Amino acid sequence: MKKIILIVLSVIGFTMNLQAQEPMKENQVRVPREKISPEDRAQKMIERLNEKITLSEEQKTKVKALALDKNKKTEEIRMKYKGQADKRETAQREIAIVRKDYRKQVKALLTPEQIEKLKAHHKANSNETGGTIEVEDMIEG
């Protein structure tokens with residue numbers, strides 16, 4: 001009798017755990033995310049920023065170099081702390097510093113008009129989501 005109750009409780013616990021996970025749509029298959037190279041990530045960052053504020057070719061080149069450097073530093077930090085769950089917050093703080101530095105450097109390359117466009121874009125997005133965005137946090141990272 002005890003075994004039956006234990007089995008029933010185990011099954012109930014298992015099904016509750018499955019239900020707590022993100023529900024999958026019918027016929028949906030979980031596919032592992034493919035790893036994107038730092039170069040590809042940098043290119044995507046340039047494309048997103050260019051859609052928002054139209055960068056000059058010179059700006060694209062400089063921002064891409066900054067983005068590539070940021071992505072490489074971020075990857076190094078992730079690898080440094082990989083598998084160390086207790087160091088997760090430390091890694092996040094280090095990555096936040098790298099991102100903030102990147103944003104500051106990119107902002108220095110933008111014209112006042114581009115900065116205003118970016119502010120307007122982010123203000124519109126923050127109104128839609130209900131969040132607030134600081135000036136330093138305006139450039140996606």
Side-chain angles (χ1 to χ4, degrees), residues 2-141:
K2 287 182 182 179
K3 288 181 181 179
I4 293 174
I5 292 173
L6 202 60
I7 292 172
V8 170
L9 290 175
S10 296
V11 171
I12 290 172
F14 180 73
T15 54
M16 289 178 70
N17 187 26
L18 287 177
Q19 290 173 352
Q21 294 176 0
E22 182 180 314
M24 292 182 62
K25 296 178 183 171
E26 190 175 319
N27 298 327
Q28 182 181 7
V29 177
R30 286 195 189 264
V31 178
R33 290 173 48 180
E34 72 177 69
K35 187 157 176 98
I36 300 173
S37 72
E39 293 81 9
D40 290 340
R41 246 183 286 131
Q43 185 61 41
K44 285 185 178 191
M45 292 167 73
I46 300 303
E47 290 169 4
R48 283 195 319 254
L49 189 58
N50 190 47
E51 287 173 9
K52 295 174 188 173
I53 62 172
T54 312
L55 297 168
S56 69
E57 290 303 315
E58 181 181 353
Q59 286 174 318
K60 286 180 186 178
T61 303
K62 290 179 180 179
V63 172
K64 185 172 183 176
L66 292 172
L68 184 58
D69 184 53
K70 178 194 88 66
N71 290 338
K72 287 181 179 179
K73 287 179 181 177
T74 301
E75 189 65 28
E76 287 173 10
I77 293 168
R78 286 189 176 115
M79 295 308 292
K80 177 179 165 183
Y81 294 107
K82 187 175 184 175
Q84 300 178 33
D86 58 327
K87 302 284 186 177
R88 183 179 175 146
E89 287 183 28
T90 304
Q92 288 175 340
R93 281 193 299 271
E94 287 183 28
I95 290 171
I97 291 168
V98 170
R99 286 179 178 159
K100 187 173 185 175
D101 186 47
Y102 164 76
R103 291 175 183 134
K104 184 178 176 182
Q105 291 174 337
V106 171
K107 187 177 175 189
L109 295 174
L110 302 179
T111 66
E113 294 82 21
Q114 288 172 321
I115 292 172
E116 289 305 314
K117 267 181 155 178
L118 199 55
K119 282 182 182 179
H121 174 78
H122 285 284
K123 186 175 182 179
N125 281 348
S126 69
N127 287 341
E128 289 175 13
T129 61
T132 59
I133 299 175
E134 297 295 324
V135 176
E136 290 79 27
D137 294 337
M138 286 210 260
I139 299 170
E140 298 293 323

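Owing to the predicted nature of the structure, the values given are computational and were not obtained by experimental measurement.
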Legend entry - Set of residues satisfying salt bridge (Lys or Arg N to Asp or Glu O under 4.0 Å) with respect to Glu51, sequence neighbours excluded: none

Tell me which donor-acceptor pairs under 3.5 Å the side chains of residues 86-98 have, and how far apart each pair is, sequence neighbours excluded?
residue	atom	partner	partner atom	Å
Thr90	OG1	Arg93	NH2	3.4
Glu94	OE2	Tyr81	OH	2.5

Inset, instruction - Decide if atom CD of Gln84 counts as having more than 12 heavy atoms of other residues, nucleotides or ligands within a radius under 6.0 Å. - result: yes

Legend entry - 4.5 Å side-chain heavy-atom contact, Lys107 and Arg103: no

Legend entry - Straight-line distance of Ile77 CD1 to Glu75 CD, nearest 0.5 Å: 10.0 Å

Inset, instruction - Sequence neighbours left out, what passes salt bridge (Lys or Arg N to Asp or Glu O under 4.0 Å) with Asp69? Give chain and number order. - result: Lys73

Legend entry - Qualifying residues under salt bridge (Lys or Arg N to Asp or Glu O under 4.0 Å), relative to Lys64, sequence neighbours excluded: none

Inset, instruction - Would you mind checking if Lys72 and Glu76 are paired as a salt bridge, meaning a charged N to carboxylate O distance below 4.0 Å? - result: no

Inset, instruction - Check Val63 against Leu109 and note the closest heavy-atom contact, atom names and distance. - result: CG2-CD1, 3.9 Å

Inset, instruction - For the pair Lys70 and Asp101, evaluate side-chain contact (heavy atoms from CB on, under 4.5 Å) and give the outcome as yes or no after the intermediate values. - result: CA-CA 9 Å; Lys70 178 194 88 66; Asp101 186 47; over 6 Å; no

Inset, instruction - Kindly say whether Leu68 contributes a backbone atom to a donor-acceptor pair with the side chain of Glu39 at under 3.5 angstrom? - result: no

Inset, instruction - Report the residues that fulfil salt bridge (Lys or Arg N to Asp or Glu O under 4.0 Å) with Glu116, sequence neighbours left out, ordered by chain and then residue number. - result: Lys119

Inset, instruction - Kindly indicate whether the side chain of Lys62, heavy atoms from C-beta on, has any atom under 4.5 Å from the side chain of Glu58. - result: yes

Legend entry - Which atom of Asn71 lies closest to which atom of Arg41, heavy atoms considered: ND2-CB, 3.5 Å

Legend entry - Min side-chain heavy-atom separation Gln59-Asn50 under 4.5 Å: no

Inset, instruction - Mind checking side chain to side chain donor-acceptor pair (under 3.5 Å) for Lys60 and listing every partner two or more places apart, or none if nothing turns up? - result: Glu57

Legend entry - From CG (Leu49) to CD (Gln114), nearest 0.5 Å: 8.0 Å

Legend entry - Close side-chain approach of Ile115 to Ile53, heavy-atom, < 4.5 Å: no

